[in-house]
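The sequence lines fix the lettering, A, B, ..., with proteins before strands; numbering per chain opens at 1. Model, not experiment: these values are computed from the prediction.
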2 protein chains.
Amino acid sequence: MKLANDLRNFREKRGGISQEALANAVGVSRQTIISIEKGRFIPSAFLALKIAKFFDTSVEDIFYLIDGQNNKIRWRVKWK
Amino acid sequence: MKLANDLRNFREKRGGISQEALANAVGVSRQTIISIEKGRFIPSAFLALKIAKFFDTSVEDIFYLIDGQNNKIRWRVKWK
DNA sequence: AATTATTGTAAAGTATGCTTTACAATAATA
DNA sequence: TATTATTGTAAAGCATACTTTACAATAATT
């Protein structure tokens, strides 16, 4: 089980912004953004939430668990 | 803006399990769990997702952003 | 084609998320 | 009350998430 992400897609396709702009918006360096996009860094939950908030979506939409065959692991969200 | 969490409530009230049991379930040490509950550590997104999955809920249910007056910051999740 | 914008990599340094170990304090159980 | 379970704290060490700086490569614009 590993962590994967769809950050680049969100940034380019849904946000239409540069790494620099996203970095400034969530309070990190551009190199941090690319390191996350390239899977070199795992972001803190704090940063993941700020990124999710920026894109008006949930953490699970951008960052997700994958199994040994790179399949997205999903679970039902119950209660609230 | 800071990170807060409701982990203890989830663990005790909804899970009815000890810190040790949760720690084992998500693959960290018990001290890590209490450090998160007490706000001493900010978990990685990877760990936050594993914890959310364990409780069949979303990251945002357990971990959330708060403002200067400790109010929960919410945003609407759009698209999917 | 030249210039600008964006992306990508690397390195070194700092801060912190984690680990283990140990003990104390508190709560629950017998 | 004694014992066990759980929670809490502390310290030291390791790994890595970050920072800055620098340069290269690629893409977009003029």
Side-chain angles (χ1 to χ4, degrees), chain A residues 1-55 57-68 70 72-73, chain B residues 1-55 57-68 70 72-73:
Chain A
M1 184 153 76
K2 296 179 183 171
L3 180 71
N5 76 70
D6 212 18
L7 180 55
R8 184 162 197 167
N9 184 50
F10 270 86
R11 179 177 61 75
E12 292 182 339
K13 309 283 169 44
R14 300 192 183 197
I17 59 170
S18 65
Q19 294 170 345
E20 182 84 45
L22 176 58
N24 291 336
V26 298
V28 294
S29 68
R30 178 185 71 79
Q31 277 81 359
T32 297
I33 293 296
I34 189 169
S35 293
I36 294 170
E37 286 185 357
K38 292 283 185 177
R40 286 195 291 258
F41 287 178
I42 296 175
S44 67
F46 187 35
L47 179 52
L49 280 161
K50 284 189 282 189
I51 291 172
K53 175 172 178 292
F54 179 81
F55 288 117
T57 192
S58 66
V59 168
E60 286 88 349
D61 270 349
I62 302 174
F63 302 97
Y64 51 92
L65 300 175
I66 58 173
D67 65 22
N70 293 332
K72 210 175 208 178
I73 297 172
Chain B
M1 184 155 76
K2 295 180 185 172
L3 180 72
N5 76 70
D6 212 17
L7 180 56
R8 185 163 196 167
N9 185 49
F10 269 87
R11 180 178 60 76
E12 291 182 340
K13 308 285 170 44
R14 300 192 184 193
I17 59 170
S18 65
Q19 295 169 345
E20 181 84 46
L22 175 59
N24 291 337
V26 298
V28 294
S29 67
R30 178 185 69 80
Q31 277 80 357
T32 297
I33 294 297
I34 187 168
S35 292
I36 294 169
E37 286 185 0
K38 293 282 186 178
R40 286 195 292 260
F41 286 359
I42 296 176
S44 66
F46 186 37
L47 179 52
L49 280 161
K50 284 190 283 189
I51 291 172
K53 175 172 177 290
F54 179 81
F55 288 116
T57 191
S58 65
V59 169
E60 286 87 349
D61 271 349
I62 302 174
F63 302 97
Y64 50 93
L65 302 175
I66 56 172
D67 63 22
N70 294 331
K72 209 176 210 180
I73 297 174

(message) I'd like to compare against my own output: the B/S/- annotation of nucleotides 25-30 of chain D with a strict under-4.0 Å heavy-atom distance to protein.
(response) ------
(request) Determine whether A/F54 and A/I17 make a side-chain contact, defined as any pair of heavy atoms from C-beta on separated by less than 4.5 Å. (result) yes
(message) Rounded to whole Å, please give me the gap between CD1 in A/I51 and P in D/dA17.
(response) 14 Å
(request) Name the closest nucleotide to the A/K38 side chain, picking from D/dT19, C/dG8, C/dT7. (result) C/dG8
(request) First locate atom CD of B/E37, then atom CG of B/D6, and finally report the distance between them rounded to the nearest 0.5 Å. (result) 10.0 Å
(request) Would you give the length of the straight line joining atom CD of A/E60 to atom CD1 of A/I73, rounded to the nearest 0.5 angstrom? (result) 12.5 Å
(message) Given D/dC18, D/dG8, C/dC18, identify the nucleotide with an atom nearest to the side chain of B/R8.
(response) D/dG8
(message) Heavy-atom nearest nucleotide on DNA chain D for B/Q19 versus A/T32: which residue maps closer to 5'?
(response) B/Q19
(message) Can you tell me how far apart CG (A/L65) and CG (B/L49) are? Round to the nearest 0.5 Å.
(response) 5.0 Å
(request) Take atom CD of A/E20 and atom P of D/dT21, then tell me their distance rounded to the nearest Å. (result) 13 Å
(message) Rounded to the nearest 0.5 Å, what separates atom NZ in A/K50 from atom CG in B/L3?
(response) 9.5 Å
(message) Rounded to whole Å, how long is the line connecting atom CG of B/L3 with atom C1' of C/dT16?
(response) 14 Å
(message) Taking the side chain as everything from C-beta on, heavy atoms only, tell me whether B/D61 gets closer than 4.5 Å to B/F10.
(response) yes
(message) Just so I know, are the side chains of A/L47 and A/I36 near enough to count as touching, which here means a heavy-atom distance under 4.5 Å?
(response) yes
(message) I want to check one thing: is the phosphate of D/dT19, taken as OP1 and OP2, less than 4.0 Å away from some side-chain N or O of A/S29?
(response) yes
(request) Report which part of the nucleic acid B/S18 touches: base, sugar-phosphate, or nothing (heavy-atom distance under 4.0 Å, all strands). (result) sugar-phosphate
(request) Name the residue closer to the 5' end of DNA chain D, choosing between B/R30 and B/S44 according to the nucleotide with the nearest heavy atom. (result) B/R30
(message) Do A/V28 and A/F41 have side chains that approach each other closer than 4.5 Å (heavy atoms only, starting at C-beta)?
(response) no
(request) Would you indicate, yes or no, if C/dT6 has its OP1 or OP2 atom less than 4.0 angstrom from a side-chain nitrogen or oxygen of A/R11? (result) no
(request) Nearest whole angstrom, please: distance from the P of C/dT7 to the CG of A/N24. (result) 12 Å
(request) Could you tell me whether the side chain of B/F55 reaches within less than 4.5 Å of the side chain of B/V26, counting heavy atoms only? (result) no
(request) Report the distance from atom CZ of B/F41 to atom P of D/dA10, rounded to the nearest whole Å. (result) 13 Å
(request) State the CD1-CG distance between B/I34 and B/L22, to the nearest 0.5 angstrom. (result) 12.0 Å
(request) Give the rounded distance in Å between these two atoms: CD1 of B/I36 and C1' of C/dT16. (result) 13 Å
(message) Base of D/dG8, side chain of B/R40 - is there a donor-acceptor contact under 3.5 Å?
(response) no
(request) Could you check how far CG of B/L47 sits from P of C/dT16, rounded to whole Å? (result) 18 Å
(message) Rounding to an integer number of Å, can you tell me how far A/E37 CD sits from D/dC18 P?
(response) 14 Å
(request) Please confirm whether any donor atom in the side chain of A/Q31 sits under 3.5 Å from an acceptor in the base of D/dT21, or the reverse. (result) yes
(request) For the helix from C/dA1-D/dT30 to C/dA30-D/dT1, figure out the bend between the end axes, five pairs an end, and round to 10 degrees. (result) 50°
